[in-house]
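Comments concern the structure below.
Keep in mind that what you see is a predicted model, and the values were worked out from it rather than measured. Letters A, B, ... are given to chains in the order of the sequence lines, protein chains preceding strands, and every chain is numbered from 1. No hydrogens, no waters, no symmetry mates; every other heavy atom, side chains included, goes into these values.
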There are 2 protein chains.
Amino acid sequence: MYSVRMSTPERLIESTRELLWERGYVGTSPKAIQQHAGAGQGSMYHHFAGKPDLALAAIRRTAEEMRATAEAVLGGSGSAHARVEAYLLRERDVLKGCPVGRLTMDPDVIASDELRAPVTETLDWLRDRLAGILEEGIARGEFTASLDPREVASAIVATVQGGYVLARSSCTPAAFDTAVRGLLALLGACAAAPSRAVSAN
Amino acid sequence: MYSVRMSTPERLIESTRELLWERGYVGTSPKAIQQHAGAGQGSMYHHFAGKPDLALAAIRRTAEEMRATAEAVLGGSGSAHARVEAYLLRERDVLKGCPVGRLTMDPDVIASDELRAPVTETLDWLRDRLAGILEEGIARGEFTASLDPREVASAIVATVQGGYVLARSSCTPAAFDTAVRGLLALLGACAAAPSRAVSAN
DNA sequence: GTCTATATACTGATAGAC
DNA sequence: GTCTATCAGTATATAGAC
């Protein structure tokens with residue numbers, strides 16, 4: 001239930017965001033949204049064409065927020081490794097899963113080009129952003145040049161998405177952290193050998 | 001629609017397995033199962049107590065099958081690295097997602113200890129199996145001893161689960177492969193330096 | 001903008017005939 | 001074992017009063 005000071009469309013969008021995160025698109029009914037938002041049926045259908053329309057607004061906002069959250073960490077200063085590490089170790093509501101990534105398991109979202117678009121764009125953006133940082137890192141001699149930045153970036157995003165799966169499977173946020181530490185250990189081993197880097201200078 | 005030679009309970013379980021894979025628990029109705037199985041309402045409720053009971057039978061079988069499929073690759077001969085690589089590169093119905101892992105995004109599955117148990121057990125088993133293989137690999141000098149087998153095993157499972165997310169997000173199986181190649185590249189860089197391994201012998 | 005009434009189809013199940 | 005009938009409740013709206 002949101003503050004009365006939030007407009008009805010706002011409350012509907014925010015309620016939809018929460019319910020989509022918690023129950024997915026298939027598991028979220030207009031009625032549940034209305035009750036959560038404290039809005040009537042007519043009110044919802046006055047402001048939005050229907051469930052897909054409202055979901056689209058909610059998904060777009062969630063996607064945008066996720067990009068902003070990631071950018072806040074990835075756009076920081078520090079070495080490439082430090083920024084990737086900061087991204088992986090940033091605080092997360094691990095047991096709730098990724099509000100964007102979970103939508104890929106929703107058949108009705110995947111079946112709709114419109115609903116899927118913000119998901120695709122966000123994960124693509126994240127992978128490309130990480131790839132750019134990794135490329136910088138390679139150029140600076142932080143990582144061995146043998147790494148393909150795009151492949152490693154994909155592995156990073158996948159580890160995070162899969163980390164949510166492991167955490168939810170075992171009902172322990174620690175399972176997420178374990179996977180992330182495994183990835184960081186592998187990434188750390190790809191630091192360009194210091195001795196060689198030094199001798200190359 | 002299954003062969004008439006399959007018993008009704010069998011057809012119901014197999015139909016449930018397919019629908020759970022495709023639409024999840026929340027998105028799968030008893031009616032849809034019955035139609036897919038070519039069975040009537042009464043028939044389904046005669047053999048199973050209800051939707052959760054039937055889903056449990058289906059999930060258990062899917063989990064068992066996944067363990068068998070993984071074991072067929074992981075139990076093979078070859079170096080630890082080769083077996084992990086074979087597991088990661090094995091053929092998959094990538095765009096359909098992981099029939100076990102996708103259940104972690106199903107609120108009703110996660111909320112039920114009984115339905116969640118086979119999921120937890122399977123992913124735990126897979127991580128432990130991989131950890132054992134990695135430990136072997138470290139003992140044989142294939143990987144640097146600085147790696148924690150359990151952490152890396154978690155990262156491997158997570159990359160696979162997240163690979164499905166990336167593939168479904170972009171509707172391209174290649175996205176899965178890209179993430180896997182990234183992980184394999186990182187893992188390859190953790191091969192115990194050959195020169196040092198030789199000099200240590 | 002919000003409300004109530006109404007509508008069709010589906011959900012998940014029970015009852016009892018055959 | 002399978003079938004049809006029935007049921008209370010939900011899903012996803014539309015219509016029209018206020």
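Counting any heavy atom pair closer than 4.0 Å across all strands shown, A:Pro52 reaches sugar-phosphate atoms only and no base atom. B:Gly42 comes within contact range of at least one nucleobase, with a heavy-atom separation under 4.0 Å.
The 12-atom threshold is exceeded at CD of B:Glu71, counting heavy atoms of other residues, nucleotides or ligands nearer than 6.0 Å. Crowding of B:Glu10 atom CD: a count of heavy atoms from other residues, nucleotides or ligands under 6.0 Å exceeding 12.
Whole-Å rounding puts the A:Leu54 CG to D:dA13 C1' distance at 14 Å. Nucleotide C:dG1 holds its C1' atom 16 Å from the CD atom of A:Glu10, rounded to whole Å. Atom CD of A:Gln41 is separated from atom P of D:dA17 by 18 Å (rounded to the nearest Å). Between the CE atom of B:Met44 and the P atom of D:dC3 there is a distance of 14 Å, given to the nearest Å.
Among residues two or more places apart in sequence or in another chain, the side-chain contact (heavy atoms from CB on, under 4.5 Å) test is passed with A:Pro118 by A:Leu56, A:Ile59, A:Arg60, A:Ala63. In this structure, the side-chain contact (heavy atoms from CB on, under 4.5 Å) partners of B:Arg23, at least two apart in sequence or on a different chain, are A:Val26, A:Pro107, A:Asp108, B:Thr28.
Along DNA chain D, the nucleotide nearest to A:Ala49 and the one nearest to B:Ser43 differ in position, and the one closer to the 5' end is contacted by B:Ser43.
The listed nucleotides are C:dA13, D:dT12, C:dT2; the one nearest the side chain of B:Lys51 is C:dA13.
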